Structure formats: C-alpha cells, structure tokens
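Note sheet for the following structure.
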Protein chains: 2
Amino acid sequence: MSEIPASEQAQLDAARDEFVAQWGAMGSSWGINRTMAQIHALLMITPRPLSTDEVMEELKISRGNAHMNLRDLVGWGLVRSVIRKGERKEFFEAERDVWKMFCTIVRERKRREIEPAIAVLKGCVDRVEGLESPEAKAFSEQTQALCEFMETADAVLSRVARSDESVVLPWALKYLAK
Amino acid sequence: MSEIPASEQAQLDAARDEFVAQWGAMGSSWGINRTMAQIHALLMITPRPLSTDEVMEELKISRGNAHMNLRDLVGWGLVRSVIRKGERKEFFEAERDVWKMFCTIVRERKRREIEPAIAVLKGCVDRVEGLESPEAKAFSEQTQALCEFMETADAVLSRVARSDESVVLPWALKYLAK
DNA sequence: CGGAACTTTCAGTAAGTATTGAAAGCTCTG
DNA sequence: CAGAGCTTTCAATACTTACTGAAAGTTCCG
C-alpha cells in the first residue's frame with residue numbers, strides 16, 4: 001500500500017477548492033450561475049461519479065440547489081447521470097474531454113441564444129420594410145448588418161461544433177493559432 | 001419637403017423600441033447588464049451622437065445609471081464620446097461596423113476573462129506539481145487540459161481580433177461558413 | 001471670484017436571482 | 001400495499017446586482 005502523506009492530501013484538497021471556487025467565479029462573469037459552474041468544476045476533477053449527497057456535502061449546498069443545478073448540467077449535455085446496478089441512487093459524471101465540452105457548449109449556446117437572436121433581428125428588419133425616412137434607413141441597415149453577422153457566426157459555429165469533427169478541431173485550431 | 005406620415009414614424013419607433021428591448025434581454029443572457037446593452041442598442045440605431053440627457057429620456061433611466069453605463073461602454077471601446085465645438089455637453093456615438101464591434105468585444109473579453117482564467121489554471125496546475133496520488137494525477141491532467149485549451153483559444157482569438165485584419169475577417173469567416 | 005453648465009460619485013433602495021428546507025411524489029421491495 | 005429510499009417541487013427568504021436621486025465635484029465664462 002503506497003504512502004499518501006496527510007500534507008499532500010491537504011495540498012490537493014486546497015487546490016481542488018481553489019479550482020472549484022475560481023471556476024464558479026468565472027461562470028458568473030459569463031452569465032452562468034455560480035453553483036452550476038462549481039458543480040461542473042467539482043465533477044470535472046473527480047475521477048468517479050458523485051451522488052447528489054456527495055455534491056451537497058462537498059459544496060455545502062442544499063439538496064434542492066444541488067438537484068436543480070445537476071439537472072441543468074445534464075440538460076446542457078455537460079454532465080451525464082450514471083445508475084449503478086443494484087443501487088437506487090443516481091450518480092453524476094462530467095464529460096472530461098475539453099474539446100467535446102467546447103463543442104457541446106457552442107452547440108447549446110447557438111441553439112439557445114444565437115438562433116433566437118437571429119429570429120428577433122429578422123423581425124426588426126421586417127417591421128420597417130418599405131419605410132423611407134432616413135432614420136428608418138439607418139435602422140434597417142444596422143439591423144440587417146447585425147442579422148447577417150449573426151447568420152455568419154451561426155454558420156461558422158455549426159461547422160466548428162459538428163460533433164464528428166471534434167477530433168480534428170484541436171488540430172485545426174492549434175494550426176490557426178500559429 | 002418630403003412626407004413622413006405619422007403612422008410610419010410610429011411604426012419605426014415601435015421597431016426601435018423592440019430592438020432596444022431585445023438587445024437588452026440578449027445582453028442579460030450573455031452576462032452583460034441590461035441597461036448597458038440597451039444603451040448600446042440605442043446608440044447603434046441612432047444615426048447621430050446622443051447626449052446623456054437624451055439617453056436618459058429615451059430609456060427612462062436615471063442620470064447616474066446612464067452615466068455609469070455610458071462610461072463602461074466607452075471603456076469597452078464600443079462607444080466613443082464626441083465633443084462638438086462650442087458645446088459643453090458630451091455626446092456619445094457607437095461603433096456601427098459590426099466586424100469592428102466583434103473584434104473589440106473579442107479583444108476585451110480575452111483580456112478581461114480569458115487571460116485571468118489562464119493565470120488561475122496555471123496556479124492550480126502548479127499547486128499540485130509532484131503529488132503522486134491518483135486523485136492528484138486526475139486533477140492535474142484535467143486542469144492542464146483546460147489550461148491548454150484556454151491558451152489555444154487565446155491564440156486563435158488574438159489572430160481573429162487583430163484589428164488590421166478586420167477587413168479580411170468577414171470574408172474569411174463567410175468562407176469558413178461554407 | 002461667483003455661479004451656470006455639466007459630470008461624477010455614492011448611500012440607500014429597488015429589482016432580480018439563487019438558495020433553502022420542508023413537503024409531496026415517485027418507485028421499488030418485502 | 002406499507003413504507004424505505006430517493007427525487008422533485010416550490011414558497012419563503014437570503015443574497016446579489018442594478019438603479020435612483022441628490023449632493024459634491026469640475027470646468028468654464030463673464
């Protein structure tokens with residue numbers, strides 16, 4: 001049996017806590033709720049599935065909170081639930097491949113945010129069709145430019161996130177990075 | 001003098017309000033404060049610089065709020081202030097070129113969010129260097145993968161946002177979009 | 001210098017979001 | 001079909017973030 005000094009364990013625990021806290025803070029600034037980001041962080045760095053109770057315990061959060069955010073993460077496709085045979089409890093495990101994670105996030109944000117935005121912009125463009133005042137012209141031009149931009153972004157992201165390409169992607173991007 | 005029927009004006013106003021409201025809502029979901037996004041929207045679709053008072057009036061917000069958010073927008077480089085000769089008031093005008101806007105946002109988010117994130121991740125990697133337990137190994141591998149990912153993203157975005165390329169960019173991306 | 005015109009700050013408050021904890025719902029098993 | 005074990009929901013509440021409005025600060029001009 002190999003030795004794992006208590007001090008090393010403490011050092012690791014501290015690093016893990018730091019990571020979870022920071023990932024949570026980052027989430028906030030990207031419009032993602034702190035707890036959700038923390039749970040995600042915790043699952044990413046834990047090499048085995050965790051139960052709701054373990055998540056509650058680690059992060060000192062309530063059952064309701066843990067439950068809801070785990071569900072959301074599953075909804076995003078970033079976490080999957082695992083049922084062990086013979087156990088009634090549900091366990092959760094995060095996708096650990098960063099490129100797959102990236103593709104998943106791109107795909108979801110595209111669906112949840114970019115596509116609706118395009119619809120809204122198109123609506124705005126339509127509403128002023130045919131108006132002749134200079135103000136109307138300015139409005140129409142700007143909304144149309146934004147709309148085209150979003151459509152291009154949408155198309156580019158579709159290509160980038162095409163799941164069967166997630167193996168090539170790191171390679172391609174690293175090349176792009178020069 | 002050309003005719004601009006009141007109904008057309010009303011139609012335009014409604015469309016403008018809709019656009020401002022929706023852009024504000026979009027901002028929220030991207031972690032940007034609603035008012036800031038609304039001011040940005042308003043300035044984008046107004047073909048002349050506006051004063052703080054005009055912004056307050058249009059959006060029905062307080063002076064303090066208008067002021068702070070205008071400052072933030074200037075800080076992001078999305079809005080510039082214009083001083084007309086002979087006038088003491090300050091006016092504000094948004095960048096209208098969507099590709100320049102895009103580059104500005106990329107550059108700022110990179111600086112404010114990606115770079116600090118890389119620093120944090122590096123810190124986490126360092127803290128567990130040399131630890132041997134399997135848990136430590138898992139942690140170290142995951143943080144390292146995230147760190148490399150962020151560095152690649154950082155490099156790619158640097159290239160994309162290089163300001164002198166903002167003319168080629170639309171072309172390049174439209175090509176990428178297939 | 002006095003004060004008009006405008007900008008900036010910030011304590012207090014309002015509005016919006018996230019969290020808790022307890023109750024209600026399932027589902028399996030004896 | 002009773003109840004243990006686990007999940008789900010949600011009203012109440014805590015926390016966070018954004019906004020207001022008034023006061024203080026700056027700049028310019030006669």
Side-chain angles (χ1 to χ4, degrees), chain A residues 20-43 49-76 78-93 112-113, chain B residues 20-43 49-76 78-93 112-113:
Chain A
V20 168
Q22 295 284 0
W23 198 257
M26 286 189 46
S28 293
S29 78
W30 277 86
I32 287 151
N33 123 12
R34 187 199 310 292
T35 305
M36 189 165 134
Q38 290 182 164
I39 297 179
H40 183 219
L42 175 63
L43 292 176
L50 296 182
S51 67
T52 303
D53 294 74
E54 286 170 306
V55 171
M56 288 165 59
E57 167 58 23
E58 284 279 354
L59 303 179
K60 307 288 181 235
I61 59 177
S62 72
R63 178 172 307 282
N65 197 8
H67 174 79
M68 296 288 229
N69 282 297
L70 280 165
R71 284 275 153 269
D72 281 356
L73 283 165
V74 171
W76 272 77
L78 292 168
V79 165
R80 49 185 164 276
S81 88
V82 179
I83 4 110
R84 295 194 195 144
K85 57 184 176 181
E87 288 227 56
R88 288 176 69 181
K89 242 198 288 266
E90 201 175 5
F91 290 78
F92 299 89
E93 175 180 64
R112 297 175 189 217
E113 284 146 21
Chain B
V20 168
Q22 296 283 359
W23 198 257
M26 284 188 48
S28 293
S29 77
W30 277 84
I32 287 152
N33 122 11
R34 189 200 308 293
T35 306
M36 188 166 135
Q38 289 182 167
I39 297 180
H40 183 220
L42 175 64
L43 292 176
L50 296 181
S51 67
T52 303
D53 295 75
E54 287 170 306
V55 171
M56 289 165 61
E57 166 60 22
E58 285 277 355
L59 303 179
K60 308 288 181 233
I61 58 177
S62 73
R63 179 172 307 281
N65 196 8
H67 175 79
M68 297 288 229
N69 282 296
L70 279 165
R71 283 277 153 266
D72 281 356
L73 283 165
V74 171
W76 272 77
L78 292 169
V79 164
R80 50 186 161 274
S81 87
V82 179
I83 4 111
R84 295 192 196 147
K85 57 182 175 184
E87 288 225 57
R88 287 175 69 181
K89 241 198 289 270
E90 201 176 4
F91 291 78
F92 299 89
E93 175 180 64
R112 298 175 187 217
E113 284 146 21

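Just so it is clear, the values below take in all heavy atoms, side chains as well, and ignore hydrogens, waters and symmetry mates. Bear in mind the structure is a predicted one, so any value in this text is a computation, not a measurement. Lettering follows sequence order; numbering is per chain, from 1.
Protein atom CD of Glu87(A) is 11 Å distant from nucleotide atom P of dT7(D), rounded to whole Å. Atom CZ in Phe92(A) sits about 9 Å away from atom C1' in dT7(D), given to the nearest Å. Rounded to an integer number of Å, the gap from Met56(B) CE to dC19(D) P is 14 Å. Distance, Lys60(B) NZ to dT20(D) P: 12 Å, rounded to whole Å. Between Leu73(B) atom CG and dA18(D) atom P there is a gap of 13 Å when expressed in whole angstrom units. In this entry the distance linking CG of Leu70(A) with P of dT8(D) reads 10 Å, nearest Å. Lys89(B) has its NZ atom 19 Å from the P atom of dT27(D), to the nearest Å. Rounded to whole Å, atom P of dT17(C) lies 16 Å from atom CE of Met36(A).
Side-chain proximity of Arg88(A) to dG5(D), dT8(D), dT20(C): nearest is dG5(D). Distances from the side chain of Ser62(B) to the nucleotides dC19(D), dT7(D), dT27(C) place dC19(D) closest. With dT19(C), dC19(D), dC10(D) as the choices, the nucleotide that has an atom nearest any side-chain atom of Asn69(A) turns out to be dT19(C).
Of the possible donor and acceptor atoms, one in the side chain of Glu54(A) sits under 3.5 Å from a partner among the backbone N and O of Ser51(A).
Residue-level contact check: Arg63(A) touches the bases, meaning some heavy atom is under 4.0 Å from a base atom.
Summary of the strand contacts: Met68(A) and Glu90(A) both lie near DNA chain D, and taking for each the nucleotide with the nearest heavy atom, the more 5' one is attributed to Glu90(A). The residue among Gly64(B) and Gly64(A) whose nearest nucleotide of DNA chain D is located toward the 5' end is Gly64(A).
Inter-residue side-chain proximity for Val20(B) and Glu58(B) is flagged as unmet; no heavy-atom pair is nearer than 4.5 Å. Counting heavy atoms from C-beta outward, Leu43(A) and Leu70(A) have side chains that approach closer than 4.5 Å. Counting heavy atoms from C-beta outward, Trp76(B) and Met36(B) have side chains that approach closer than 4.5 Å. A 4.5 Å side-chain heavy-atom check between Leu59(B) and Asn65(B) finds every atom pair outside the cut-off.
Remark: Thr52(A) is not in phosphate contact with dC6(D), judged by side-chain N or O atoms under 4.0 Å from OP1 or OP2. The phosphate of dT8(D) (OP1 or OP2) has a side-chain N or O of His67(A) nearer than 4.0 angstrom. At dG21(C), none of the side-chain N or O atoms of Asn65(A) fall inside 4.0 Å of OP1 or OP2 (strictly under the cut-off). Side-chain nitrogen and oxygen atoms of Asn33(B) include none within less than 4.0 Å of the OP1 or OP2 phosphate oxygen of dG16(C).
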